[in-house]
Amino acid sequence: MNTNFYEQVYEVARLIPKGRVTSYGAIAKSLGVAKSSRMVGHAMLYAGLAHPNVPAHRVVNSSGLLTGKFHFKTPDLMEQLLAAEGVQVKNDKVVNFKTVFWNPLEEMNL
DNA sequence: AAGATGACTGTAC
DNA sequence: GGTACAGCCATCT
């Protein structure tokens, strides 16, 4: 699909360190399309098909809520993966979200 | 071409 | 902090 935009989303998503999470808006903002946060989520749908190894489970909404868990192979997979990386998930929500939050802009600004 | 949809976000109550 | 509403924008029907 020529979606270079998606490629960038995947690239940023892959940069997320293990045990950390980020938000769709943060990724969108780092790509200069903060207003298209929804497109980031849409790109994540393709993540499992176009690019394996894209840790889409590390991307949550601005509240740290696992909004996309139902789009995974199984609804439990997302929190399973997060838990396996040391990210505690409670009630479909990332615990200490502000603490484990990883800002893509930080990496890009280096 | 126009309307509906969605893995979102920010503001308001 | 939870619910409600509006703004945004690519994709699909």
Identify whether any heavy atom of F72(A) sits under 4.0 Å from a base atom; if not, whether one sits that close to sugar-phosphate; answer base, sugar-phosphate or nothing. base
Report which part of the nucleic acid A56(A) touches: base, sugar-phosphate, or nothing (heavy-atom distance under 4.0 Å, all strands). base
Can you check the [X] [atom1] to [N] [atom2] distance for me, whole Å?
{"X": "H42(A)", "N": "dA10(C)", "atom1": "NE2", "atom2": "P", "value": "12 Å"}
{"X": "L45(A)", "N": "dA7(B)", "atom1": "CG", "atom2": "P", "value": "6 Å"}
{"X": "L31(A)", "N": "dA10(C)", "atom1": "CG", "atom2": "P", "value": "13 Å"}
{"X": "M44(A)", "N": "dG6(B)", "atom1": "CE", "atom2": "P", "value": "19 Å"}
{"X": "H71(A)", "N": "dT5(B)", "atom1": "NE2", "atom2": "P", "value": "15 Å"}
{"X": "F97(A)", "N": "dT9(B)", "atom1": "CZ", "atom2": "C1'", "value": "12 Å"}
{"X": "Y24(A)", "N": "dT9(B)", "atom1": "OH", "atom2": "C1'", "value": "13 Å"}
{"X": "K93(A)", "N": "dA7(B)", "atom1": "NZ", "atom2": "C1'", "value": "18 Å"}

Polar side-chain atom of N91(A) near backbone of K93(A) as donor-acceptor pair, under 3.5 Å: no
Can you check whether G64(A)'s main-chain N or O pairs, donor with acceptor, with N61(A)'s side chain at less than 3.5 Å? yes
Candidate nucleotides [options], ranked by approach to the side chain of [X] - the nearest:
{"X": "Y46(A)", "options": "dC12(C), dT9(B), dA7(B)", "result": "dC12(C)"}
{"X": "S23(A)", "options": "dT9(B), dT11(C), dA7(B)", "result": "dT9(B)"}
{"X": "S36(A)", "options": "dA7(B), dG10(B), dC9(C)", "result": "dC9(C)"}
{"X": "K35(A)", "options": "dC12(C), dC8(C), dG10(B)", "result": "dC8(C)"}

So, is S37(A) close to the dT9(B) phosphate, meaning a side-chain N or O under 4.0 Å from OP1 or OP2? no
Side chains of L65(A) and F97(A): closer than 4.5 Å at any heavy-atom pair?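 Contact flag for L65(A)/F97(A) side chains = no.
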From CA spacing to verdict: side-chain contact (heavy atoms from CB on, under 4.5 Å), F101(A), V94(A): CA-CA 9 Å; F101(A) 180 78; V94(A) 174; over 6 Å; no
Considering only NZ, NE, NH1 and NH2 on the basic side and carboxylate oxygens on the acidic side, decide whether R58(A) and E85(A) come within less than 4.0 Å. yes
